[in-house]
Amino acid sequence: MRTLVFVDLDDTLFQSRHKCPTDDDLHPVASLRDGSVHSFMTAKQRALWRLLDADATLIPTTARDLDSLRRVDLPFQSWRILDYGGVILNPDGHPDAPWMQRMTQVSQETIGELNALLDLVETFIQSAGLSAHVRIIEDFGLPFYLVAKYRDDREDDLSRLQDELVRPWLAERADAYRLHRNGNNLAVLPRALGKEHAVRYLIEHLGRENSELLTIGVGDSLIDGAFMAECDYAITPRGSQLFEATLQQML
Ligand SMILES: [Mg+2]
């Protein structure tokens with residue numbers, strides 16, 4: 001039986017230094033564009049990696065684009081899911097063509113509204129004097145989703161943007177878009193973009209080549225719950241956003 005592990009990266013396999021529970025035995029694993037080391041694995045995260053990597057195919061399932069995935073120093077050797085599922089790379093490192101076609105259509109259908117939202121957010125940041133920045137994440141020539149982050153430790157600024165502008169905007173568009181917020185990361189995604197869509201596609205695709213698959217989903221954020229639910233088993237780090245909303249309630 002072939003085992004597939006769909007694994008989120010940030011805050012699941014590693015995190016920035018200030019989020020690490022201890023300074024002991026940290027292993028540098030991801031860097032910023034300027035080359036400075038930004039994220040680290042703890043000893044337990046490395047042990048989890050070794051455990052999963054020993055007998056399974058690890059498939060990163062991440063919001064990162066190709067450029068930022070390349071700055072992660074982990075030896076992924078098979079399929080890769082990027083951009084919240086916007087791009088699926090095959091084991092040779094090329095975008096899966098049928099998936100690219102499907103996501104090109106999604107991107108074309110939503111870029112007008114995402115650009116309009118970008119303008120609204122930029123105007124709001126300026127007029128309200130917020131310390132935040134916003135951009136649309138593009139990869140392989142396709143715009144996929146909008147992301148805003150706060151600066152200078154002003155987390156409340158991002159919450160204000162979320163409550164006063166983004167939530168009302170989403171409410172007007174019913175179910176066409178969704179919000180992801182976890183710490184310094186506010187993302188607005190079209191519904192048709194999602195890790196769960198890409199995971200389901202790959203399970204179906206690889207299921208045709210293998211008589212039986214065992215699938216495991218690993219993630220930390222509420223938004224990861226949907227792709228983890230596509231898998232036979234689900235793993236979440238203790239203390240994660242997803243843990244707090246689920247298992248923590250049972251303690
Ligand atoms: Mg994460």
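Just follow the structure's listing: the first ligand is 1, and inside any ligand the first atom is 1. It should be emphasised that the depicted structure is a prediction, and the values quoted were computed from it without experimental measurement.
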If you consider just the N/O/S atoms, which atom of [X] is the closest one to the Mg ion (ligand 1)?
X	answer
Asp8	OD2
Asp10	O
Asp220	OD1

Ring centroid separation [X] to [Y] under 6.0 Å:
X	Y	answer
Phe140	Trp99	no
His205	Trp79	yes
Tyr84	Phe144	no

Under 2.8 Å: N/O/S of Asp224 next to the Mg ion (ligand 1): no
Arg167 to Trp169 six-membered ring, cation-pi geometry met (6.0 Å, 45°): no
